[in-house]
*Asks:* 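Dropping the structure in here first, questions after.
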Amino acid sequence: MPQFDYRDGHYAVEDVAVRDIAATCKTPFYCYSRAAIERAYAAYADAFADYDMQICYALKANSNLSIVGLLAAAGAGADVVSGGELQRAQAAGIPGSRIVYSGVAKTVPEIELALDAGIRQFNVESMPELHAINETAMRRQQRAPVAFRINPDVDAETHEKISTGKSENKFGIPWHSASDAYAHAASLPGIEICGIDMHIGSQIQSLTPFRNAFARIAELTQQLRDQGHAIDTIDLGGGLGVNYGGDGKTPPTPAEYAQLVTEAFADLDCRLIIEPGRSLVGAAGMLVSTVIYVKETATLDFLIIDAAMNDFMRPSIYNAYHAIRTERQGHGAQRPYEIVGPVCETGDMFARGRLLHELQAGDMVVLEDAGAYGAVMASTYNTRPLVPEVLVEGNSFRIIRKRVSEAALLALDEPWPATATEQA
Ligand code: LLP
């Protein structure tokens, strides 16, 4: 990534030394590069330049208003999965006509919010959900634009917790039930069928799962059209992986992915939607932390840093590999470190046996490729407040989410006893 490099021995994002940010905004914090996000978006936009294509950024990857805002300015729409994400997309300036709503359990208030926003389409995942959308739209004398998310029953060859397109996963309508689902939807007065949708998983590292799913969706589209349904739009979901390193695999590029899309759908003359999340923001962000203690035991050296599993869950819950950089790189001897956080769980672990040049308390430790599914998945476990987010733009940086104070966290709770009288 040219946006991240060492300059005079200091780790820099674009033209800003990360240690200068750390001096203003204490660690841990997330740090993103605007140029890296814009470059990732441009790779998709260029790859699909000849298509009638809407890139709907999957907000779940990173929903900070500044990040969504800069993608919106680049032309992105939004893929949202909750009323909250819908409101974020709107607050970032994305019009309803560029928003698709995915997820297995849209509630009536959320459906109302989406109808108010005039979203482009609901990606419907079950018949009970279809009925809720139909009834809500009818009550408002509206017709809701609907695509069914089809579960093509293919193996995305990714971590089991982020694979979504197999028959045993909770997502979508089984592909062999699609005809019946569309026929029923066509009979509902509050529903307007507009397309078909799929999403088979995340961090997909080869084109094969996409090829298998696309073949099934293309065939189904033809079949549904033959049955008289207006399948105007095909939403291909997200899923393209990021090169985290550590496993020697390189995910396909947006250009290679676009080539596959052409091969699969060229004959169908349809509008396309894609919902990338990770591949737009993953490599554009990092988690910056500081070594609190180096704890040496008879067998292992623990590097205890000030970031923990509550700040960044991916290593703990998916055993995810993230590259680690320090400013000692290239200096002194190397040692294998157990890189852990302060939270009271053995699973609070970022890396095992990671070979790094020797570090001391106070040194900076950067976990790379943390722009997606980092800040958004953080919790306040161990009463550790959510950490700030910083956006670098050229030679300047901006705090785009403030640090939450412990006092603000405590203020959310009600004390017990509730009143002075009860206390007495
Ligand atoms: N569309 C739908 C309907 C999705 O469920 C997802 C991700 C996306 C698009 C975006 O997928 P992407 O392009 O980011 O792969 N927390 C996990 C990832 C969960 C992904 C959930 N769905 C992780 O940290 O690996």
Side-chain angles (χ1 to χ4, degrees), residues 41 45 48 51-61 63-65 67-150 172-173 181-182 184-199 229-238 270-277 280:
Y41 184 84
F48 285 101
Y51 287 77
D52 182 347
M53 149 73 74
Q54 177 65 62
I55 300 171
C56 286
Y57 168 56
L59 255 71
K60 61 174 79 65
S63 58
N64 184 290
L65 287 179
I67 303 296
V68 183
L70 76 87
L71 282 166
D79 167 51
V80 303
V81 291
S82 69
E85 281 192 354
L86 175 59
Q87 291 172 61
R88 278 185 182 272
Q90 290 182 293
I94 300 182
S97 59
R98 284 202 255 142
I99 299 175
V100 298
Y101 194 154
S102 304
V104 292
K106 300 162 196 80
T107 63
V108 170
E110 288 175 320
I111 295 165
E112 284 173 338
L113 218 55
L115 289 170
D116 286 342
I119 64 163
R120 174 151 172 190
Q121 79 185 34
F122 290 90
N123 289 333
V124 175
E125 304 224 13
S126 68
M127 297 318 270
E129 193 185 60
L130 178 75
H131 292 141
I133 294 171
N134 176 50
E135 279 153 29
T136 311
M138 276 175 67
R139 204 170 355 97
R140 299 161 52 110
Q141 298 179 324
Q142 278 179 274
R143 297 186 80 195
V146 156
F148 278 110
R149 173 170 176 178
I150 301 301
I173 304 277
Y182 275 89
H184 182 63
S187 73
L188 301 177
I191 298 295
E192 179 165 343
I193 293 170
C194 64
I196 190 166
D197 167 51
M198 60 162 264
H199 172 78
H229 301 296
I231 310 294
D232 163 68
T233 302
I234 305 182
D235 180 339
L236 301 172
C270 49
R271 299 158 79 200
L272 293 174
I273 294 174
I274 51 171
E275 304 168 354
L280 288 177

*Asks:* Looking only at heavy atoms, what is the nearest atom pair of Ala147 and Cys194, with distance?
*Replies:*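 That would be N-SG, 4.4 Å.
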*Asks:* Roughly how far apart are Ile193 CD1 and His229 NE2, rounded to 0.5 Å?
*Replies:*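 It is 5.5 Å, given to the nearest 0.5 Å.
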*Asks:* Can you tell me how the ring of His184 sits relative to the ring of His131, calling it parallel under 30°, perpendicular over 60° and tilted otherwise?
*Replies:*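 Geometry flag for His131 against His184: perpendicular rings.
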*Asks:* Side chains of Pro276 and Ile55: does their closest heavy-atom pair fall under 4.5 Å?
*Replies:*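 Answer yes - side chains close enough.
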*Asks:* Do His199 and Asp79 have side chains that approach each other closer than 4.5 Å (heavy atoms only, starting at C-beta)?
*Replies:*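 No, every pair of side-chain atoms sits at 4.5 Å or beyond.
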*Asks:* Between Asn134 and Gly190, is there a donor-acceptor pair closer than 3.5 Å when you use the side chain of the first and the backbone of the second?
*Replies:*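 It does hold such a pair.
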*Asks:* Give a yes or no on whether the backbone of Lys106 and the side-chain of Glu129 come within a donor-acceptor separation of less than 3.5 Å.
*Replies:*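 Yes, Glu129 side chain to Lys106 backbone: donor-acceptor pair under 3.5 Å.
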*Asks:* Would you sort out whether Arg88 and Ile94 count as a side chain to side chain contact (heavy atoms under 4.5 Å, CB included), showing the intermediate values?
*Replies:* CA-CA 9 Å; Arg88 278 185 182 272; Ile94 300 182; over 6 Å; no
*Asks:* Could you go through the side chain to side chain donor-acceptor pair (under 3.5 Å) check for Thr107 and Glu110 one step at a time?
*Replies:* CA-CA 5 Å; Thr107 63; Glu110 288 175 320; 3.2 Å; yes
*Asks:* Is any side-chain heavy atom of Arg140 less than 4.5 Å from a side-chain heavy atom of Glu112?
*Replies:*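 A side-chain contact under 4.5 Å exists here.
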*Asks:* Tell me if a side-chain donor or acceptor on Tyr182 pairs with a main-chain N or O of Phe148 at a distance below 3.5 Å.
*Replies:*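 Yes; judged by distance alone, with no hydrogens or angles, the pair exists.
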*Asks:* Any carboxylate oxygen within less than 4.0 angstrom of a Lys/Arg side-chain nitrogen, looking at Glu275 and Lys60?
*Replies:*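 Looking at Glu275 and Lys60, the cut-off is not met.
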*Asks:* Going by the side chain to side chain contact (heavy atoms under 4.5 Å, CB included) test, name the single residue among Leu280, Val80, Ile274 that passes it with Tyr57.
*Replies:*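 Result for side chain to side chain contact (heavy atoms under 4.5 Å, CB included) with Tyr57: Leu280.
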*Asks:* Could you tell me whether Arg149 and Asp235 make a salt bridge, using a distance below 4.0 angstrom between a side-chain N and a carboxylate O?
*Replies:*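 No.
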*Asks:* Identify the heavy atoms of Cys56 and Ile273 that sit nearest to each other, and give their distance.
*Replies:*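 Residues Cys56 and Ile273, closest heavy atoms: SG-CG2, 3.8 Å.
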*Asks:* Measuring from Gln90:CD to Ile99:CD1, what's the distance to the nearest 0.5 Å?
*Replies:*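 So the CD of Gln90 and the CD1 of Ile99 are separated by 5.0 Å.
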*Asks:* Is a side-chain donor-acceptor pair under 3.5 Å present for Asn123 with Glu125?
*Replies:*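 Asn123 and Glu125 do not have a side-chain donor-acceptor pair below 3.5 Å.
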*Asks:* Could you measure the distance from the CZ atom of Arg271 to the CG atom of Asp232? Nearest 0.5 Å is fine.
*Replies:*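 Rounded to the nearest 0.5 Å, the CZ-CG separation comes out at 5.0 Å.
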*Asks:* For a 4.5 angstrom cut-off between non-hydrogen side-chain atoms, does Asp197 reach Phe122?
*Replies:*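 When only atoms from C-beta onward are counted, Phe122 and Asp197 do not touch, as no gap falls below 4.5 Å.
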*Asks:* Check whether any side-chain heavy atom of Ile119 lies under 4.5 Å from a side-chain heavy atom of Val100, and answer yes or no.
*Replies:*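 Sidechains of Val100 and Ile119: no contact.
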*Asks:* How long is the span from the OG atom in Ser82 to the CG atom in Leu86, to the nearest 0.5 Å?
*Replies:*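 It is 8.0 Å, given to the nearest 0.5 Å.
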*Asks:* With a 4.5 Å cut-off on side-chain heavy atoms, are Arg139 and Val108 touching?
*Replies:*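 Yes, their side chains come closer than 4.5 Å.
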*Asks:* Could you pull out the closest heavy-atom pair between Gln54 and Ala76, with the gap in Å?
*Replies:*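 Reported closest heavy-atom pair: NE2-C, 3.7 Å.
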*Asks:* Taking all atoms of both residues into account, what is the closest heavy-atom pair of Cys270 and Ile234, and its distance?
*Replies:*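 The answer is SG-CD1, 3.4 Å.
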*Asks:* Enter the distance from Leu71:CG to Leu59:CG here, rounded to the nearest 0.5 Å.
*Replies:*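 Atom-to-atom, Leu71:CG and Leu59:CG are 9.0 Å apart.
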*Asks:* Where do Val68 and Ala92 come nearest, in terms of heavy atoms and distance?
*Replies:*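 Smallest heavy-atom distance, with atoms named: CG1-CB, 3.5 Å.
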*Asks:* What distance separates Tyr101 OH from Ile133 CD1, expressed to the nearest 0.5 Å?
*Replies:*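 The CD1 atom of Ile133 is 9.0 Å from OH of Tyr101, to the nearest 0.5 Å.
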*Asks:* Where do Ala91 and Leu65 come nearest, in terms of heavy atoms and distance?
*Replies:*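 So the minimum-distance heavy-atom pair works out to CB-CD2, 3.9 Å.
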